[in-house]
There are 2 protein chains.
Amino acid sequence: MPRGWYGGGPGGWWQRQFRGGGYRITMPRQIILQVLDESKRHLSAEDIYLKVYQIYPTIGLTTVYRTLELLVRMGLVFKFDFGDGRARYELTRGDGNLSHHHHLICTNCGRIIDYDDFIEEELELIKKTRQELEKKYGFEIRNHTLQFYGLCKKCKAIKE
Amino acid sequence: MPRGWYGGGPGGWWQRQFRGGGYRITMPRQIILQVLDESKRHLSAEDIYLKVYQIYPTIGLTTVYRTLELLVRMGLVFKFDFGDGRARYELTRGDGNLSHHHHLICTNCGRIIDYDDFIEEELELIKKTRQELEKKYGFEIRNHTLQFYGLCKKCKAIKE
DNA sequence: ATATTATTGAAAATGATTATCAATAAGGAA
DNA sequence: TTCCTTATTGATAATCATTTTCAATAATAT
């Protein structure tokens with residue numbers, strides 16, 4: 001049961017933000033949000049397209065791209081680049097400035113692992129860094145990514 | 001005067017590694033390395049192509065891509081993705097496992113700022129995280145990136 | 001219910017990167 | 001040094017994710 005999907009009043013938690021921005025609430029948009037909400041993380045545009053297609057077969061890939069762009073602009077979705085040539089998307093989940101978006105990426109097989117260990121120390125460091133950078137460069141930080149590249153267990157075993 | 005370019009014996013510091021790997025030392029490769037060494041950071045493949053072209057006009061873009069791929073595979077160069085659709089490259093500079101590759105990226109104008117503040121705390125955190133991740137997931141970490149996204153001074157001013 | 005206009009989806013366009021392949025040149029052997 | 005083997009090169013074509021175009025459609029305000 002996805003967190004927050006039914007909460008926040010009738011019609012879904014994000015609809016308020018849509019109406020406020022002058023955006024229309026359409027079937028494709030509802031279903032894309034639903035798929036993002038029900039899914040594991042880091043889906044590619046095509047992954048999302050295929051899942052939406054199951055529910056709403058007249059969907060077009062173009063619409064998926066356009067909707068994702070909108071959602072990123074609205075801050076509801078994060079866009080990642082893992083270096084394999086396709087972008088990945090995941091819901092922001094509403095924690096605002098303190099969401100974590102950290103991954104281990106196997107440079108051999110492309111496997112991606114999420115992790116959320118060492119959050120406290122990390123938050124501390126990020127907070128300090130953020131303040132320092134805002135002061136020093138006048139940069140307003142909206143979010144950050146921390147990614148580790150290397151070999152996953154399997155690929156390490158194979159290479160030995 | 002680029003650090004290390006003339007050091008490490010006759011012919012350049014990286015030539016040993018090339019010969020050891022069975023790779024040939026060619027003019028295009030030499031000049032691409034030279035350009036990377038003399039340049040500021042995070043160049044795109046086309047940036048590199050244009051700079052090499054000044055010195056060696058028969059260079060082909062294909063060769064630039066192929067050479068960069070080789071250099072990344074050899075660990076001499078890092079490849080970054082800032083989310084603007086083109087990869088960026090920069091020399092590893094030989095610090096091995098402790099190089100820093102951190103950027104502030106303006107999501108409005110694409111400006112990229114390097115930073116290296118808070119290195120000590122960060123190294124500490126990275127070291128702990130690395131150990132933990134290697135133990136927990138059997139992942140062998142080769143390197144990492146930390147990137148901040150937001151609005152640079154100028155874009156912030158414009159949006160106000 | 002109707003008018004307005006944001007949104008959609010198919011198809012074509014774009015732009016970065018990769019594959020193909022004949023010609024060339026690096027480095028070892030004679 | 002000269003010859004041979006084969007890695008490397010560069011022009012061209014191909015690929016693949018993402019964008020643009022544009023007429024048709026549908027969401028909202030009136």
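Throughout, protein chains are lettered first and strands after them, A, B, ... in sequence-line order, and every chain is numbered starting at 1.
At a cut-off of 3.5 angstrom, the base of D:dA17 holds no donor-acceptor pair with the side chain of A:Ser44.
Rounded to a whole Å, the CD atom of A:Gln30 is 16 Å from the C1' atom of C:dA6. For the pair A:Leu61 CG and C:dT8 C1', the computed distance is 13 Å after rounding to whole Å. B:Ile31 has its CD1 atom 15 Å from the C1' atom of D:dT8, to the nearest Å. We find that CD1 of B:Ile48 is positioned 15 Å from P of D:dG10, with the value rounded to whole Å. Whole-Å rounding puts the A:Ile59 CD1 to C:dG9 P distance at 5 Å. A straight line from CZ of A:Arg88 to P of D:dA17 spans 11 Å, rounded to a whole angstrom. The CG-P distance, from A:Asp84 to C:dA16, rounds to 18 Å in whole Å. The separation between B:Tyr53 atom OH and D:dA11 atom C1' is 14 Å, rounded to whole Å.
Nucleic acid contact class of B:Phe18 (heavy atoms, under 4.0 Å, all strands): none. Residue B:Tyr49 is classed as having no contact, given no heavy-atom separation below 4.0 Å to the nucleic acid. Using a 4.0 Å heavy-atom cutoff across all strands shown, B:Thr58 reaches sugar-phosphate atoms only and no base atom.
The main-chain N or O of B:Gly138 is found under 3.5 Å from a side-chain atom of A:Lys156 such that the two form a donor-acceptor pair. The main-chain N or O of A:Val77 is found under 3.5 Å from a side-chain atom of A:Thr92 such that the two form a donor-acceptor pair.
A close approach under 4.0 Å does occur between a side-chain nitrogen or oxygen of A:Tyr65 and OP1 or OP2 of D:dT18. Remark: A:Thr63 is not in phosphate contact with C:dT8, judged by side-chain N or O atoms under 4.0 Å from OP1 or OP2. OP1 or OP2 of D:dT8 lies within a sub-4.0 Å distance of a side-chain N or O belonging to B:Arg29.
Sorted pairs that involve residues 50-62 of chain B and meet side chain to side chain donor-acceptor pair (under 3.5 Å), not counting sequence neighbours, are lacking altogether.
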Could you go through the side-chain contact (heavy atoms from CB on, under 4.5 Å) check for B:Arg29 and B:Leu70 one step at a time? CA-CA 10 Å; B:Arg29 285 173 178 175; B:Leu70 174 65; 3.8 Å; yes
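Set against C:dT7, D:dT19, C:dT17, the side chain of A:Lys79 has D:dT19 as its closest nucleotide.
Applying the side-chain contact (heavy atoms from CB on, under 4.5 Å) criterion to A:Thr63, with sequence neighbours excluded, gives A:Pro28, A:Ile59, A:Arg66, A:Thr67.
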With sugar-phosphate taken as primed atoms, P, OP1 and OP2 and all else as base, the protein-contact string of nucleotides 22-30 of chain D at under 4.0 Å (heavy atoms; B, S, -) is ----BBS--
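Here the straight-line distance linking atom CZ of A:Phe82 with atom CD1 of A:Ile105 works out to 5.0 Å at 0.5 Å rounding.
In this structure, B:His144 has its ring center at least 6.0 angstrom away from the ring center of A:His103.
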